[in-house]
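First comes the structure, then the notes that go with it.
This structure is a prediction, so every number in the text was calculated from the model and none was measured.
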Amino acid sequence: MRDAPDDFAQFYLAAYRRLLRQLFAVTGDLAEAEDLLQEAFARASVRWATLRGYDNPEAWVRRVALNLAGMAAKRRDAAGTTPGLPAR
């Protein structure tokens with residue numbers, strides 16, 4: 001079995017672009033998609049000992065990122081802001 005940090009790094013490199021494209025399609029904002037995806041990967045990294053045993057850990061990261069995107073959209077709606085634009 002590989003060392004956990006190396007294992008996670010390989011997972012990150014293999015999944016990052018694919019997940020970024022998916023999240024960008026949802027958010028329409030590349031910077032926001034990158035930020036949300038980094039947060040999802042950060043959460044995955046602290047749980048990697050468990051996630052690495054999942055059949056599809058990428059699905060877990062995707063779900064977390066999509067949940068974060070949904071929460072960010074709700075906050076924007078409540079504040080009346082749009083990503084990349086200053087608040088009103």
Side-chain angles (χ1 to χ4, degrees):
M1 183 174 272
R2 297 198 134 151
D3 186 55
D6 289 342
D7 196 30
F8 183 77
Q10 287 183 344
F11 166 70
Y12 176 90
L13 292 172
Y16 182 83
R17 286 185 185 266
R18 185 171 39 255
L19 290 170
L20 182 61
R21 283 192 304 269
Q22 294 168 355
L23 204 54
F24 176 65
V26 170
T27 64
D29 182 272
L30 183 58
E32 181 182 19
E34 289 172 329
D35 289 345
L36 295 169
L37 187 55
Q38 287 303 317
E39 177 61 26
F41 272 114
R43 293 179 185 196
S45 71
V46 298
R47 294 168 179 80
W48 188 241
T50 300
L51 294 177
R52 69 193 297 196
Y54 286 13
D55 287 339
N56 189 0
E58 186 174 326
W60 188 93
V61 175
R62 181 182 305 105
R63 178 75 282 166
V64 169
L66 290 171
N67 288 348
L68 291 169
M71 289 186 293
K74 285 180 185 178
R75 280 193 303 276
R76 277 194 309 276
D77 288 347
T81 60
T82 303
L85 298 177
R88 290 190 245 165

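With sequence neighbours left out, Arg63 forms a salt bridge (Lys or Arg N to Asp or Glu O under 4.0 Å) with no residue at all. Not counting sequence neighbours, the partners of Ala59 by the side-chain contact (heavy atoms from CB on, under 4.5 Å) test are Asn56, Arg62.
Phe8 and Leu13 fall within the same hydrophobic cluster, where Ile, Leu, Val, Met, Phe, Trp and Tyr residues are linked whenever their side-chain heavy atoms come under 4.5 Å apart, directly or through other members.
When side chains are defined from C-beta on, Tyr16 does not count as touching Glu58, because their heavy atoms never get closer than 4.5 Å. Residues Glu32 and Arg76 have side chains in contact (heavy-atom distance under 4.5 Å, counting atoms from C-beta outward). Between Asp35 and Leu68 the shortest side-chain heavy-atom distance does not fall below 4.5 Å.
Distance CG/Asp55 to CH2/Trp60: 16.0 Å, rounded to 0.5 Å. Atom CZ of residue Arg43 and atom CG of residue Asn67 lie 9.0 Å apart, to the nearest 0.5 angstrom. Distance CG/Leu19 to CG/Leu36: 12.0 Å, rounded to 0.5 Å.
Of all the heavy atoms in Ala33 and Thr27, the pair that sits closest is CB-OG1, 3.7 Å.
The ring pair (Phe, Tyr, Trp, His ring centres under 6.0 Å) contacts involving residues 25-44 comprise Phe11-Phe41, Tyr12-Phe41, where partners must be two or more places apart or lie in separate chains.
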